[in-house]
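One structure below.
In this text, all values refer to a predicted model and were calculated from it rather than measured experimentally. Throughout, protein chains are lettered first and strands after them, A, B, ... in sequence-line order, and every chain is numbered starting at 1.
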Protein chains: 2
Amino acid sequence: MALKEQKREITINDIAKELNISPSTVSRALNDNAKISEATKEKVKAVAQDLGYELNLVASSLSKNKTNVIGVIIPNIGSQFFAKALSGIQEVARANGYNVIICQTNESVQQEVDMTRVMNSARVDGLVCCLTMETKDVGHFDVFTKKGIPVAMFDRVSYAVPGPKIVVDNYEAAYTATEHLINLGCKRVAHLAGTTSSKVFCDRTEGFKDALQKNDLPLLPQYLLSSDLTEQDARDAVRIWMNLPDKPDGIVAASASSGLIISAAAKSAGVRLPEDLSIISLGNERCNEFVTPSLSAVDMPGYDMGKSAVEQLIKCIKSEKVDSSITLKPIQLLIRNSSFKH
Amino acid sequence: MALKEQKREITINDIAKELNISPSTVSRALNDNAKISEATKEKVKAVAQDLGYELNLVASSLSKNKTNVIGVIIPNIGSQFFAKALSGIQEVARANGYNVIICQTNESVQQEVDMTRVMNSARVDGLVCCLTMETKDVGHFDVFTKKGIPVAMFDRVSYAVPGPKIVVDNYEAAYTATEHLINLGCKRVAHLAGTTSSKVFCDRTEGFKDALQKNDLPLLPQYLLSSDLTEQDARDAVRIWMNLPDKPDGIVAASASSGLIISAAAKSAGVRLPEDLSIISLGNERCNEFVTPSLSAVDMPGYDMGKSAVEQLIKCIKSEKVDSSITLKPIQLLIRNSSFKH
DNA sequence: ATTACAAATGCAAGCGCTTGCATAAAATAA
DNA sequence: TTATTTTATGCAAGCGCTTGCATTTGTAAT
């Protein structure tokens, strides 16, 4: 194995020596401190460039007691919603000079707890977080609040943790979707709901229920199925519903992926879409455009949520007044071919 | 605004004082140094727990000159291939006690360059990277190689940068896909290729060409279109091909997303799939199962690539002999309804 | 010219942890 | 018991940067 070229890193001391000035002056010059003359600033920067100096963020962080790192904890990167959120997070963070360290919990509470410890050890300046569907106890965030490290939460949030919350109006999303189906003439609208331990899904269920009620449709218990929204759950729901004497003529799926599966399952069960059955899902994926029939959806503003979460967080870090403790965001109804005028 | 509770962080000195021993002993005890007696180790750990001590990774990194952070630079998180790669990366990294900091380049060379500087400032212990499609010059990686910081590349790699490379056999992927169509009876197979500046796509094109040749099919220039694989490019390709006197009866798409669009465009142009036209794409997305007809694909092992990349990288970090400079990975042919026996 | 003040730079401590080396304590050998 | 190891702990420097305060230099006011 070849010898490693152990080039020592260039430090501010090297620059200082080169110019016969003190390291503190170099540090200040590089940070554009007002007390340093333009002349020396230029000299210092030139030499820095020459020597290939690059600030050691680790050392800087230690002495400033500030890492310029934002920690992100999300359930999983694979979902398009979170991918978009991540993009928004990254963008705003970078634009403000923050680096981002990301962990996914895979919807496991234990992993969420572990990740908070990691973030704490890394001494992140702030935390952006979307909770697991199962997270009940939020004691693992106490470390941060106790130290004054802000925690911004989006989508799946807990009001037991102080800090900005970015949520979408899930009630309205479901209400809109349901009413859309009703307006198309659906009389028997069903809902595949998510776990009741998550406020997101409870709100959606409420929106669904209220839309029915406001439109004088009965809420039949067999039309409201609650599950973990796995692939199997979605298939089971379709099987159950399609064996009913009164099959539903409209389905509101609580998630993008379950909507996709419901649609596929119904289709392969011989149901004509959308003539016999209209489907709409809460949450949009790129895929929805490509399936046949293309799948209507209420789009959730993932990118914007990520973006605002970091914006608010950074305000907190700077001890600026944060915009609000709760932010509601607009949602978009994407009407495609899976929902059909009856 | 409420006063911030400025609880000072607990340090090893606090533990030391509490026990009337020196900070070095505390440090060693917490690190399970062999020179420390079991008795004191236990005492130290107990007090640490009590006080809620958590190692300050920043300070530790500075003094050890090692951050335990792996930097990841990828084109975009949105694609399922990269999302899977990321999962693999995360998993292995975490299992080995490394944190991960992630940046996306959005396929911009300039951003890639910027990101390397960030990674350098952050003093990552190693770098996992998938290059932009356009990256030609790789001088921005010199900083790392000069300092002996390993750089592992996957998928879109450059052999001009030392370090482990994890690639998939793109030639074989395309060859297999093409031959699959030929075996089904396709006589006029076309290929929408990616940019020629990327080895990945060149290899795929070669595989396509060779498969034709080996099977005694002519390579007609109008059947080989090269592009950036944008949505528009894919639509254009379909339009061109469908206006040919001799329309192709098989298409190999160089990417998952272009395959999806080609299929949709062909369908809406009235082409019967798969009776008139078989389609297969290089790269699989979840969506491929849901479209009608479901879209055949050669699956790329994103998760495994990310996983091996980090595995190799960590070996490098530990100065262990790395498995190989090039790793070829198996690929899986997923035959669905878009490719059809003629 | 003398004092007063502002501008520019240097000194030195400190951020929290690690680690080579010295030292003290305990255990073993002579 | 004394010399010799072995085992356990402490000392102090150092990682690279920041920053309050002291100091020097230059400039304006008296």
Side-chain angles (χ1 to χ4, degrees), chain A residues 6-45 47-48 51-69 97 120-125 147 149, chain B residues 6-45 47-48 51-69 97 120-125 147 149:
Chain A
Q6 272 300 8
K7 268 222 166 115
R8 210 177 46 70
E9 302 263 5
I10 307 295
T11 73
I12 53 170
N13 297 299
D14 299 321
I15 302 179
K17 244 165 249 164
E18 183 77 20
L19 287 170
N20 261 314
I21 58 180
S22 82
S24 23
T25 304
V26 174
S27 171
R28 291 192 174 101
L30 291 172
N31 288 309
D32 270 324
N33 185 306
K35 300 262 165 176
I36 301 294
S37 72
E38 281 308 317
T40 50
K41 274 187 194 173
E42 274 170 29
K43 271 188 281 178
V44 168
K45 285 177 186 174
V47 174
L51 266 44
Y53 170 83
E54 199 79 42
L55 172 67
N56 184 329
L57 275 182
V58 181
S60 174
S61 297
L62 180 60
S63 75
K64 290 204 290 194
N65 195 27
K66 178 167 190 319
T67 53
N68 263 273
V69 169
N120 182 27
S121 252
R123 300 292 194 267
V124 295
D125 289 343
K147 292 196 295 186
I149 304 289
Chain B
Q6 272 299 7
K7 267 224 166 109
R8 208 177 49 70
E9 302 262 6
I10 306 295
T11 73
I12 53 171
N13 298 300
D14 299 322
I15 302 180
K17 243 165 250 161
E18 184 75 20
L19 286 170
N20 261 314
I21 59 179
S22 81
S24 21
T25 302
V26 174
S27 170
R28 290 193 174 101
L30 291 172
N31 289 307
D32 268 327
N33 185 306
K35 301 262 167 176
I36 301 294
S37 72
E38 281 309 317
T40 48
K41 273 186 194 175
E42 273 169 30
K43 271 188 281 179
V44 167
K45 285 175 186 173
V47 175
L51 266 44
Y53 170 82
E54 198 80 42
L55 172 67
N56 183 330
L57 275 182
V58 181
S60 174
S61 296
L62 180 61
S63 76
K64 290 204 291 193
N65 194 27
K66 177 165 191 321
T67 53
N68 263 275
V69 169
N120 182 29
S121 252
R123 299 294 194 265
V124 295
D125 289 343
K147 293 196 294 186
I149 304 289

When you look at NZ of A/Lys45, are more than 12 heavy atoms from neighbouring residues, nucleotides or ligands closer to it than 6.0 Å?
->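 Enclosed: over 12 neighbouring heavy atoms sit under 6.0 Å from NZ of A/Lys45.
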More than 12 non-hydrogen atoms from neighbouring residues, nucleotides or ligands closer than 6.0 Å to NZ on A/Lys17, yes or no?
->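 Check fails, neighbour count at 12 or below.
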Whole-Å distance between [N] [atom2] and [X] [atom1]?
| X | N | atom1 | atom2 | answer |
| --- | --- | --- | --- | --- |
| B/Lys35 | C/dA25 | NZ | P | 18 Å |
| B/Asp125 | D/dC15 | CG | P | 18 Å |
| A/Ile21 | C/dA12 | CD1 | P | 17 Å |
| A/Asn33 | C/dT9 | CG | P | 11 Å |
| A/Glu42 | C/dA8 | CD | C1' | 16 Å |
| A/Asn20 | C/dG10 | CG | C1' | 13 Å |
| B/Leu19 | D/dT9 | CG | P | 11 Å |

Within the structure shown, what part of the strands sits under 4.0 Å from A/Thr40 by heavy-atom distance: base, sugar-phosphate, or nothing?
->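 Result for A/Thr40 = sugar-phosphate.
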Per-nucleotide protein contact string for nucleotides 16-23 of chain C (B base, S sugar-phosphate only, - none; heavy atom under 4.0 Å) | BBBBBB--
Is any side-chain N of the basic residue among A/Lys41 and A/Glu38 closer than 4.0 Å to the acidic one's carboxylate O?
->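 Between A/Glu38 and A/Lys41 there is a salt bridge, with a charged N closer than 4.0 Å to a carboxylate O.
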Heavy-atom closest contact (A/Ala16 atom, A/Ser22 atom, distance) |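 Scanning both residues, the minimum pair turns out to be CB-C, 3.9 Å.
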Angle between terminal axes - the helix from C/dA1-D/dT30 to C/dA27-D/dT4, 5 pairs each end, rounded to 10° |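 Helix axis angle between the two ends: 50°.
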Pair B/Leu30-B/Ile12, side chain to side chain contact (heavy atoms under 4.5 Å, CB included): steps then yes or no | CA-CA 9 Å; B/Leu30 291 172; B/Ile12 53 171; 4.1 Å; yes
Decide yes or no on side chain to side chain contact (heavy atoms under 4.5 Å, CB included) for A/Thr11 and A/Asn56, but give the supporting numbers first.
-> CA-CA 8 Å; A/Thr11 73; A/Asn56 184 329; over 6 Å; no
A/Asn65 versus B/Glu9: any side-chain heavy-atom pair under 4.5 Å?
->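 A side-chain contact is absent here, since even the closest heavy-atom pair is not under 4.5 Å.
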B/Ser37 side-chain N/O to D/dT9 phosphate OP1/OP2 under 4.0 Å |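 Result: yes.
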Atom CZ in A/Arg28, atom OG1 in A/Thr40: separation rounded to 0.5 Å?
->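 Here the interatomic distance stands at 11.5 Å.
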Audit row: A/Ile21, A/Lys43, side chain to side chain contact (heavy atoms under 4.5 Å, CB included) steps and yes/no = CA-CA 11 Å; A/Ile21 58 180; A/Lys43 271 188 281 178; over 6 Å; no
